[in-house]
Amino acid sequence: MPGWFKTAWYGLASLLSFSSFILIIVALVVPHWLSGKILCQTGVDLVNATDRELVKFIGDIYYGLFRGCKVRQCGLGGRQSHFTIFPHLVKELNAGLHVMILLLLFLALALALVSMGFAILNMIQVPYRAVNGPGGICLWNVLAGGVMALAIASFVAAVKFHDLTERIANFQEKLFQFVVVEEQYEESFWICVASASAHAANLVVVAISQIPLPEIKTKIEEATVTAEDILY
């Protein structure tokens, strides 16, 4: 069994991996990956709205990987509608990229559990094989963090290069055309960033656990035999 110093750091590593697992689940469930402002361009063109009147035609939108909400402002007051990504809306998006993001997140879930398992293994015993030791913990954390980073980058690419928000805003809109005027990443996105950061922190934790502690040497007093002791 490893010493208390390594046990403590491996315990922290397992806790970080488990927290990453929980964070990914939260990010998948909460539909707040991105929010934005959408302008009803059709309404603006119909009334030839001035700059001061544009605020009457700007609505809100937010969405996640499975569902979202949109508030239309086309001059007649706000109208809220909820939508789901599957099974119909995904056909209007880059379906392959969207499915790939989900698969990467589910893979990151599995890798987070594996990295936690390796940390627990090293916490309770010293593995015989080097691949199961600190090197194995680092390997699985690099894989988990890399997969999370790839999922985050894929979502950013979908937003920036494939007009994800605009496609969602105009889904099933036959009369009105919406234009995105503002976008910002929300808590679910940043939760994924935190999850990837947890795996990066694990690499530091494992490195610290390998720092050798100075050995405490106890001075053994030598027994001295005197003439009086011999007499007794």
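FYI, side chains are in, hydrogens and waters are out, and symmetry mates aren't considered; it's all heavy atoms of this structure.
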*Can you tell me how far CD1 of Ile120 sits from OH of Tyr10, rounded to the nearest 0.5 angstrom?*
13.5 Å
*So do Phe178 and Cys74 actually touch side chain to side chain, heavy atoms under 4.5 Å?*
yes
*Any donor-acceptor N/O pair, Ser115 side chain to Asn141 backbone, under 3.5 Å*: no
*Would you say the side chain of Cys192 lies within less than 4.5 Å of the side chain of Met148, judging by non-hydrogen atoms?*
yes
*asked:* As an exercise, state the distance from NE2 of His88 to CZ of Phe171, rounded to the nearest 0.5 Å.
replied: 7.0 Å
*Dump the intermediate steps for side chain to side chain contact (heavy atoms under 4.5 Å, CB included) on Asn122 and Lys6, then the final yes or no.*
CA-CA 9 Å; Asn122 283 265; Lys6 289 187 177 182; over 6 Å; no
*Counting heavy atoms not belonging to Phe66, are there more than 12 under 6.0 Å from its CZ?*
yes
*Start with the C-alpha distance between Asn170 and Glu166, add both sets of side-chain angles, then the distance that settles side-chain hydrogen bond (donor to acceptor under 3.5 Å, both in side chains), and finish with yes or no.*
CA-CA 6 Å; Asn170 288 290; Glu166 189 167 325; 4.5 Å; no
*To the nearest 0.5 Å, tell me how far Phe118 CZ sits from Asn202 CG.*
13.5 Å
*Do Leu203 and Ile211 belong together in a cluster built from hydrophobic side chains that touch within less than 4.5 Å?*
no
*Kindly indicate, with the supporting measurements, whether the criterion side chain to side chain contact (heavy atoms under 4.5 Å, CB included) is fulfilled by Thr42 and Phe57.*
CA-CA 9 Å; Thr42 306; Phe57 296 92; over 6 Å; no
_Closer than 3.5 angstrom, by distance alone: can the side chain of Ser195 be matched with the main-chain N or O of Ile191 as a donor-acceptor pair?_
no
*Short question: side chain of His162, backbone of Leu93 - any donor-acceptor pair under 3.5 Å?*
no
*So which heavy atom on Thr165 is nearest to which on Glu183, and how close?*
OG1-OE2, 2.6 Å
_Give me the atom names and distance for the closest heavy-atom approach of Val71 to Gly78._
CG1-CA, 4.2 Å
*Please report the shortest heavy-atom distance between Gly145 and Ala196, naming the atom on each side.*
O-CB, 4.3 Å
*Apply side chain to side chain contact (heavy atoms under 4.5 Å, CB included) to Arg72 and Phe176, showing your working.*
CA-CA 10 Å; Arg72 300 164 54 191; Phe176 300 101; 3.1 Å; yes
_When you group the ILVMFWY residues by side-chain heavy-atom contacts below 4.5 Å and let the links chain together, are Ile152 and Leu103 in the same group?_
no
_Straight-line distance of Leu65 CG to Leu34 CG, nearest 0.5 Å_ = 11.0 Å
*List the steps and the verdict of side chain to side chain contact (heavy atoms under 4.5 Å, CB included) for Leu121 and Ile137.*
CA-CA 10 Å; Leu121 174 66; Ile137 300 175; over 6 Å; no
*For residues Gln73 and Ile58, determine if any side-chain heavy atom of one lies less than 4.5 Å from a side-chain heavy atom of the other.*
no
*Within the side chain of Ser17, is there an N or O that forms a donor-acceptor pair under 3.5 Å with the backbone of Ser14?*
no
*Is there a side-chain contact between Leu28 and Leu109, using heavy atoms and a 4.5 Å cut-off?*
yes
*Which word best sums up how the rings of Trp33 and Phe189 line up, parallel for under 30°, tilted for 30 to 60°, or perpendicular for over 60°?*
perpendicular
*What's the spacing between Leu143 CG and Leu111 CG if we round to 0.5 Å?*
6.0 Å
*Side-chain donor or acceptor of Ser20 paired with backbone N/O of Leu16 under 3.5 Å*: no
*Answer yes if Val26 and Leu15 sit in the same cluster of Ile, Leu, Val, Met, Phe, Trp and Tyr residues linked by side chain heavy atoms under 4.5 Å apart, and no otherwise.*
no
*For the hydrophobic clusters of this structure (ILVMFWY residues joined by side-chain heavy atoms under 4.5 Å, transitively), does one cluster hold both Leu164 and Val90?*
yes
*What residue among Lys70, Arg79, Arg167 forms salt bridge (Lys or Arg N to Asp or Glu O under 4.0 Å) with Glu173?*
Lys70
*Enter the distance from Leu12:CG to Ser209:OG here, rounded to the nearest 0.5 Å.*
10.0 Å
*Lys37 with Asp60: basic N within carboxylate O range, under 4.0 Å*: yes
_Test item: Glu53 side-chain N/O and Thr50 main-chain N/O as donor-acceptor pair under 3.5 Å_ = yes
*Verify the cluster assignment for Leu39 and Val47: are they in a single hydrophobic cluster under the rule of side-chain heavy atoms below 4.5 Å apart?*
yes
